[in-house]
Amino acid sequence: MNSIKRLTIGKADVVFLRVDFNVPVKDGIIKDTKRIDAALPTIKYLLEKDARIIVASHLGRPSGIGYEEGFSLKPVFEKLQEYLGSANVKYSKQVIGEDVNSRVSDLQPGQILLLENLRFHKAEKKGDTEFAKQLSALGAKFYVNDAFGTMHREHASVFTLPGLFPMENKAMGFLVEKEYMYLNEKLTTPERPYSVISGGAKVKDKIGLLETMIVQADHILIGGGMMFTFLKAKGYNVGKSLLEEESLDIASRIMERAGDKLVLPLDTLAVDSIESPKYKEIRDVNAMQDSDIGVDIGPRTCELFSGLIVKSGSVVFNGPMGIFEIDEYARGTVAVIDAMAECEGITVVGGGDSASSVKKFNKSDKMSHISTGGGASLGMLSGVNLPGFRALEE
Ligand code: AMP
């Protein structure tokens, strides 16, 4: 896979840079600039090369039939001007067409043209070849993808467009390269023991991950709401805890194939109501009552999991151990995060809720890597060669 540093970009060469500027915007104000900040190293690198840069992104879910103010990238344009100097950053209300072509021609070396939201065209999400050709007709010589959060999508700008560039002219940006290094290279030949912590709500979302980890990992630690589907499949009463009836068979199959690798909780924090409990009890998993709702792993499980995590050479954390959004039910998630922080091996946090929980408990700087993409990181950990990467390789 090409790194951006291997591209032979010359002064005034045009580069098409796909980024993920899908930032939260309210009343025209960006509420969190994290995603813009994350793309800056790649943008600055290209600016130092004196390239002319076409920057493209999606934002939210517009209807796909043209410009919609609420999904405009204009606030991002203003932020980029603030970061990089107003003279260096231009904006195009169009995504494709003659007007955009002439704006690209007018670009000076070391200048950026930010296109409007790619998803103003339905063709983007459809991976449409004609649309990709029109993007390609903007005249870029190089294609760089730094939009990790979209790598699992077969969208036109992520999958179809790079297919139109020769291998030597397309590459990963710095953000995508770091994700690739941790989620692929370092975990394909992991330092052992390799422990995977899997939690969160749904078994269904994690089947691919669990099946891959049966082959790759040494320990698969199960927590979160999904643990109850496993416990039920073992024949235990799980009371009123989260249960995915339709995944009972697959849970049994996974347990059978994984054998000792799969480590289920020993105990759980049980309540009779999530919002206003009359009782909160630690229960052994084989002694749950009909009225119980399991909201977290219990203390003996925290100890068991922490012991395995601390001694691991590589750890992946995907999905919280309980309803961590409520402080009283966050102890298991905190225990796992603390053990990861203490672990001297490689510690990787999947995107989405796992990343938010690590941030919430202030341990971000203690992890080797926190992924910026939920679906994309889960896909990679499940062993899928994501469309965005395939398009850079072919
Ligand atoms: P996921 O998106 O599948 O990773 O699920 C994350 C969500 O799972 C979080 O919002 C947690 O609150 C929720 N969760 C974790 N443990 C439990 C549990 N025991 N019961 C219900 N929801 C849970």
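We count ligands from 1, going down the list as the structure has it; atoms in each ligand are counted the same way. Please read these numbers as outputs of a predicted model, since none were measured by experiment.
- Y194 meets the ring-ring contact (aromatic ring centres under 6.0 Å, His included) test with no other residue; sequence neighbours excluded.
- For ligand 1, the atoms lying closer than 4.0 Å to a non-hydrogen atom of A201 are 1 (P), 3 (O), 5 (O), 6 (C), 8 (O).
- Looking at N88 and Y83, their side chains never bring a donor and an acceptor atom within 3.5 Å of each other.
- Ligand 1 lies less than 4.0 angstrom from a heavy atom belonging to G322.
- Between V348 and M340, the shortest heavy-atom distance links the atoms O-CE, 3.8 Å.
- Between G294 and ligand 1, a contact under 3.5 Å exists for at least one N or O pair.
- Taking the six-membered ring for Trp and thresholds of 30 and 60 degrees, Y143 and F16 have nearly parallel ring planes, at less than 30 degrees apart.
- Near G200, with a cut-off below 4.0 Å to any heavy atom, the atoms of ligand 1 are 1 (P), 3 (O), 4 (O), 5 (O), 6 (C), 8 (O).
- With a 4.0 Å cut-off on non-hydrogen atoms, M227 does not touch ligand 1 at all.
- Screening residues 341-353 for side-chain hydrogen bond (donor to acceptor under 3.5 Å, both in side chains), with sequence neighbours left out, gives T347-S368.
- Between S371 and E179, the side chains place a donor N or O and an acceptor N or O closer than 3.5 Å (distance only, hydrogens not considered).
- For ligand 1, the atoms closer than 4.0 angstrom to any heavy atom of K202 are 3 (O).
- The atoms of ligand 1 that sit less than 4.0 Å from any heavy atom of K206 are 3 (O), 4 (O).
- Using a 4.0 Å cut-off between heavy atoms, V295 contacts ligand 1 through its backbone alone, with no side-chain atom that close.
- Both the backbone and the side chain of I323 come within 4.0 Å of ligand 1, counting heavy atoms alone.
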